[in-house]
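Below: one structure, written as structure tokens.
Just so it is clear, the structure is predicted and the values come from calculations on it, not from any experiment. Below, each value reflects all heavy atoms present in this structure, side chains not excepted, and no hydrogens, waters or symmetry copies. Start at 1 with the first residue, then count along the sequence.
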Amino acid sequence: MSADVTGVVVRLKLSLLRNGLRQSGGRRAAYVASAVVVLLFAALQLLGLIMLRGNAHADSVVVLLVAVLALGWAVMPLFFPGGDETLDPTRLVMLPLRPRPLVRALLAASLVGIGPLFTLCLFVGSVIALARGAVAYVVGVIGVVLALLVCVALARAVAAANIRLLTSRKGRDLAVLSGLVVAIGAQLVNFGAQRLGSAGLGRLDPVADVLRWVPPASAIGAVESVSEGSYGIGVLQLALSAGALVALLAVWSRHLTRLMTSPDGSTLQAVTEAGVRERTSTGLARLLPAGRTGTVMERSLRYVWRDPKTKAAWVTSLAIGLIVPLFNALQGTGSIYFACFAAGMLGIQMYNQFGQDTSAFWMVAMTISSPRHAYVELRGRALALLLITLPYATLVTVLTTALLGDWPRLPEVLGLSFALLGAMLATGAWTSARFPYSIPQEGYKNVAPGQAGLAWISIFGGMIAASLLCAPVIALTIWLNVSEGGDAWSWLLLPVGAAYGAAITWLGLRLAAPRTAARLPEILTAVSKG
């Protein structure tokens, strides 16, 4: 019975992959392209690990690599719950299946895919880099199997433990953290690589000495132990990984049993009206201007807090805008002008303002009957963005200045940031009316099919235009820095930049308002395609 269930679930996984690729040629092309890129990267990593063979610190690199891969498998279900349909065991609750056979079947199905193949390539390369002797290779085969199964079981146990949360609407908001994790992770990898380049791989040894006893890294660490003749330590390390696999399977099975037998919201009676808590105002409206401006600002800020796609864009921009200047400053290679990156990243949020509303924009369109109405609408959206961006850009600039110790340049960098922000608000308002595009609410795409060209023109064309609009302030900054005695007047760049940014924002909103009012039907059609 177990073998039959395993075969059925594996064939189900293959059918899901095959049927998904049949939906469209674009999806097939994207899958094939991603598979080729991943496999090419895996082949290069495999070659690099093989070339690492014989290096004195190869064991430290390999152990750390396996630990990082295991961490990736653990967090993957939290950030990409929709990436694999078989991650959701609640789809099988109506079938007469026992947890243990189902665990074996889902474990086998989990080994089908690009991710397991990529992980297998890296584990095989790790064994080749460390193994010396026939016994070490035999241990390596066992270690690769154990490490791969531990990674897969870890991902499944995490998914099963959080599946109720991940399949809810609020649970999907966890995906917005992926942008933050990717941004921080990329900078950490870059920072670590530079440190290793200057200090050597020996810096990894203390961390590796601890991780070689942590499953599944211990399974690969056993290969190095056996190669050095420490057979007892190697067996103990394999036993740790085997014990971790058994424990993860037990946790996974217990959560599956709970999911298969416990009721959820669909089987419980609806709460009574007496049990529903009355919703109270947060007081946000009292802090905003009266009239339509305050209403638009409140709506925009609520989108930032509640809409998953809008929240994802803001979280990513906030993270990257802070990380890039600070990490470069910490490395001692950065410039204080990198602080302008924060204003630039948040200024992008002004682009495609109406696309963020999706099909709900028709309610906004019903209230716009003149350029004046369009101007007030755009002004409210710009003020909501400034409410977050101005203090944030100031904070990032001050932190970067403090790390670099270049306080005399703080006023001019702040002035440049404010001018850049004003230019991006102006161009963003205009491109929102001229090149609107839809943002799909489902999935991870940020542009509806067929509108990628509009998105490129809107964002990158607007950014180029904003850079040109900042040319006067940039030219003034350069002139004061190169002219004799110009440093004494550099503080003027702060009020000049702020005034210039405010003026260019006002002008951009004024020019965009008539176009917005005239193109409402086209805008509504464009943003409703998703």
Using distance only, find each side-chain donor-acceptor pair of residues 115-128 under 3.5 Å and give its atom names and separation, not counting sequence neighbours.
{"from": "Thr119", "atom 1": "OG1", "to": "Trp73", "atom 2": "NE1", "distance (Å)": "3.0"}
{"from": "Thr119", "atom 1": "OG1", "to": "Gly115", "atom 2": "O", "distance (Å)": "3.0"}
{"from": "Ser126", "atom 1": "OG", "to": "Leu122", "atom 2": "O", "distance (Å)": "2.7"}

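Counting only distance, with no hydrogens or angles, the side chain of Arg381 and the backbone of Gln353 share a donor-acceptor pair below 3.5 Å. In this structure a side-chain-to-backbone donor-acceptor pair under 3.5 Å is missing from Tyr392 to Ala343. The closest donor-acceptor contact from the side chain of Thr310 to the backbone of Val304 lies at 3.5 Å or more, if one exists at all. No donor-acceptor distance shorter than 3.5 angstrom exists from the side chain of Asp59 to the backbone of Gly221, with no hydrogens or angles considered.
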field: Derivation and outcome, side chain to side chain contact (heavy atoms under 4.5 Å, CB included), residues Val527 and Trp362
entry: CA-CA 10 Å; Val527 302; Trp362 73 269; over 6 Å; no

- prompt: Passes side-chain hydrogen bond (donor to acceptor under 3.5 Å, both in side chains), Arg212 versus Ser218? Steps please.
  reply: CA-CA 5 Å; Arg212 70 180 69 254; Ser218 62; over 6 Å; no

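Heavy-atom minimum distance, Val396 versus Pro325: CG1-CG, 3.7 Å. Residue Gln237 comes nearest to Ser225 through the heavy atom pair OE1-OG, 2.8 Å, listed as atom of the first residue, atom of the second, then distance. Here the closest non-hydrogen pair linking Val223 and Gly140 is CG2-CA, 3.5 Å. Counting all heavy atoms, side chain and backbone alike, Ala208 lies closest to Val63 at O-CG1, 3.9 Å.
More than 12 non-hydrogen atoms from other residues, nucleotides or ligands lie less than 6.0 angstrom from CH2 of Trp213.
Rounding to the nearest 0.5 angstrom, the gap separating the CE atom in Met345 from the CD1 atom in Ile323 is 10.0 Å. Taking CG from Leu47 and CG from Leu52, the interatomic distance works out to 11.5 Å, rounded to the nearest 0.5 Å.
Residues satisfying the ring-ring contact (aromatic ring centres under 6.0 Å, His included) criterion with Phe460, sequence neighbours excluded, are Trp456. Here Phe361 pairs with Phe354 under the ring-ring contact (aromatic ring centres under 6.0 Å, His included) rule; sequence neighbours left out.
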